[in-house]
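First comes the structure, then the notes that go with it.
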Amino acid sequence: MDQPVRVRYAPSPTGHLHIGGARTALFTYLFARQRGGQFILRIEDTDLGRNVSGAAEEFYNGLRWLGIDWDEGEDVGGPYGPYRCTERMDIYREHIERLLGEDKAYYCYCTEEELEREREEQTAAGQTPKYSGRCRHLTPEQRAAYEAEGRSHTVRLRVGEGEKIEFRDEVRGEISFESDGNDFVIVKSSGMPTYNLAVVIDDHLMKITHVTRGEEHISNTPRQILLYRAFGWEEPIFAHFNLILNEAGKKLSKRDESILQFISQYRDLGYLPEAILNFLALLGWSPDTEEEIFSKQDIIERFSFDRVNKSGSIFDQKKLAWMNNHYFKKADLGEIVALCVPQLQRAGLLPEQLDEARQQWAKTLVALNQDKMNCAADIVPLTELFFRDEPELEGEGRAVLAEEGVPKVLEAFARQVEAMDDAAYTADAIKGAIKAVQAETGAKGKGLFMPIRVALTGQTHGPDLNETIWLLGRVKALKRLREAASGKLG
RNA sequence: GGCCCGUUGGUCAAGCGGUUAAGACACCUCCCUUUCACGGAGGUAACGGGGGUUCGAUUCCCCCACGGGUCACCA
């Protein structure tokens, strides 16, 4: 049998969990769960300057919210810790010493300015920028001289030229490179390992079997393979997922504002995590059936790397909205109410504390709109009219109210409503009242319902009228009817 | 520019030598409904180009074009 699968998601804590990262984590997680393996979360914080405090916690929260859990990580522990680069410095040091000792790596005293100038000159001369190798063969005297100057050093890996570097990618097949003799930096002058060094050491020591990540890392892979070779370690299996693109077809950047790209934004808008997980799974991966609504468990059972798409996927917010709407319709009303009430509270439409009656009222309000919402935040524009003093009359509505016989209908209905006491004011009673108006005035169909709807809501469309009128409340309904009947509206 | 990867409708995508080239989102039409939405029934719309290989290419190979990724002491 195959050795047990161990995979990891290793974000750098420099910002929020975004769609691309979540999707990478998801694919990795799905693979682990499907194969009964371990999913590890590691924090790659080697860039001290860019680390954002609290970012790691945000990753944890976002991932858990989506339904992704892990077996090892700094918050849950595990036998291969620590799970954060900055806490693994002793480990790195030891491995760097080894490379240095075997003369597979060397100190480089070039300053960033010198290197930049070198690159500029090469670029100006039409050459591909590449490290000159100036410090490659420094004598002990030269080194001592640099040290005496107070120069700091980096460590570079010796890279041969023309060495074949081939690997089999689980999603793209064979990929091959040729080493270019460009000695790359593996330890920064600060003493911190660079990403490439840290991942290789960590992945190896944590016994990672499959290295999964976005396509943008393909070009890092040959360098990492060189490192595996330098250490004499067996390479893991690689899998690079396609990129998620914005509407312009470009890789999502953190500054991109054309799209909502942070998981927290969707959570705040009241999306359902199951919908996002479902949608993300289908972005770059497809099952072998025509269905597309899947629970996490369904996806775990079906997932495989060979059905991951090779070309980039444009993130379609409209389809996500549709999918979330689909999950909304299937969800328990109670769950949707719990999502919508805070939205209304945040908009200042509902008080922080709801009494029993108000709670019941809110439940009906949400129930009436449950299948219209793409996300919980939609409840606000959808139901705003219930909270206003005056309905906002649309152009079409104005035309409806201007029709002949409308005041008579509205007055008749107003009398009906007035005759009810508060206890008798129910959706059923309202239905009966409208019937009575029909009998009295002879108005029917559109000519009956539409004026009432417009007078009360200002709109020519909306959910069930009886429920709507009940939600409005007797007093407000009466007031609006009278105003519309007397032509005061609009 | 070098290296690497990719290219099926507007979007997500199925297809893995022979198909009327699926399905979904979006859009349009119709039905249902007092209205909107939901739901139902339809519709518009795609294999980047050129060479091969083959009886036969969307599918395999090559070239080109286009798109993207990456070329840091960022990950």
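Computed from a prediction, not measured in an experiment: that's the story for all the values here. By convention in this document, chain letters (A, B, ...) are assigned in the order of the sequence lines, proteins followed by strands, and residues within each chain are numbered from 1.
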Send over the distance from [X] [atom1] to [N] [atom2], rounded to a whole Å.
{"X": "A/Glu170", "N": "B/C5", "atom1": "CD", "atom2": "C1'", "answer": "17 Å"}
{"X": "A/Ile293", "N": "B/G23", "atom1": "CD1", "atom2": "P", "answer": "17 Å"}
{"X": "A/Asp180", "N": "B/G1", "atom1": "CG", "atom2": "P", "answer": "19 Å"}
{"X": "A/Ile244", "N": "B/U11", "atom1": "CD1", "atom2": "C1'", "answer": "14 Å"}
{"X": "A/Glu163", "N": "B/C3", "atom1": "CD", "atom2": "P", "answer": "18 Å"}
{"X": "A/Ile314", "N": "B/A46", "atom1": "CD1", "atom2": "C1'", "answer": "15 Å"}
{"X": "A/Glu247", "N": "B/C12", "atom1": "CD", "atom2": "P", "answer": "11 Å"}
{"X": "A/Phe315", "N": "B/A13", "atom1": "CZ", "atom2": "P", "answer": "12 Å"}

Other residues, nucleotides, ligands: >12 heavy atoms within 6.0 Å of A/Lys188 NZ: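 Atom NZ in A/Lys188 is packed in, count exceeds 12.
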
Summary of protein contacts for [range], nucleotide by nucleotide, where a base hit scores B, a sugar-phosphate-only hit scores S (4.0 Å, heavy atoms):
{"range": "nucleotides 70-75 of chain B", "value": "S-SBBB"}
{"range": "nucleotides 24-43 of chain B", "value": "BSS-------BBBSSS----"}
{"range": "nucleotides 57-67 of chain B", "value": "-----------"}

Qualifying ring pair (Phe, Tyr, Trp, His ring centres under 6.0 Å) pairs, either residue in residues 155-200 of chain A, two or more places apart: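 Every pair satisfying ring pair (Phe, Tyr, Trp, His ring centres under 6.0 Å) with a residue in residues 155-200 of chain A: A/Phe167-A/Phe238, A/Tyr195-A/His217.
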
Point-to-point distance, once rounded to the nearest 0.5 Å, from CD of A/Gln224 to CD of A/Glu235: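 These two atoms lie 10.5 Å from each other.
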
Touch class at under 4.0 angstrom, heavy-atom based, for A/Gly284 against every strand present: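 Sugar-phosphate contact only - A/Gly284 comes under 4.0 Å of backbone atoms but never of a base.
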
So which nucleotide does [N] pair with, by the Watson-Crick or G-U wobble rule with both distances under 3.5 Å?
{"N": "B/C55", "result": "B/G18"}
{"N": "B/A37", "result": "none"}
{"N": "B/C3", "result": "B/G69"}

Pairs touching residues 317-334 of chain A that satisfy side chain to side chain donor-acceptor pair (under 3.5 Å), sequence neighbours left out: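 Residue pairs with at least one partner in residues 317-334 of chain A: A/Tyr266-A/Gln317, A/Asn278-A/Tyr327, A/Asn325-A/Lys329.
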
Distance below 4.0 Å between A/Ser286 side-chain N/O and B/A13 OP1 or OP2: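 So the side-chain polar atoms of A/Ser286 never come under 4.0 Å of the phosphate oxygens OP1 or OP2 of B/A13.
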
So does [X] pair up with [Y], basic N to acidic O under 4.0 Å?
{"X": "A/Asp180", "Y": "A/Lys130", "value": "no"}
{"X": "A/Lys164", "Y": "A/Glu178", "value": "yes"}
{"X": "A/Asp202", "Y": "A/Arg8", "value": "no"}
{"X": "A/Arg398", "Y": "A/Glu396", "value": "no"}

Contacts of A/Trp70 that satisfy side chain to side chain donor-acceptor pair (under 3.5 Å) - sequence neighbours left out: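 Counting only residues at least two positions away or on another chain, A/Trp70 forms a side chain to side chain donor-acceptor pair (under 3.5 Å) with A/Asp75.
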
Side chains of A/Tyr109 and A/Glu147, donor plus acceptor under 3.5 Å: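 Yes, side-chain donor-acceptor contact under 3.5 Å.
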
Cation over ring face, A/Arg307 and A/Phe305, 6.0 Å, 45°: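 Not flagged: A/Arg307 not positioned over aromatic ring of A/Phe305.
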
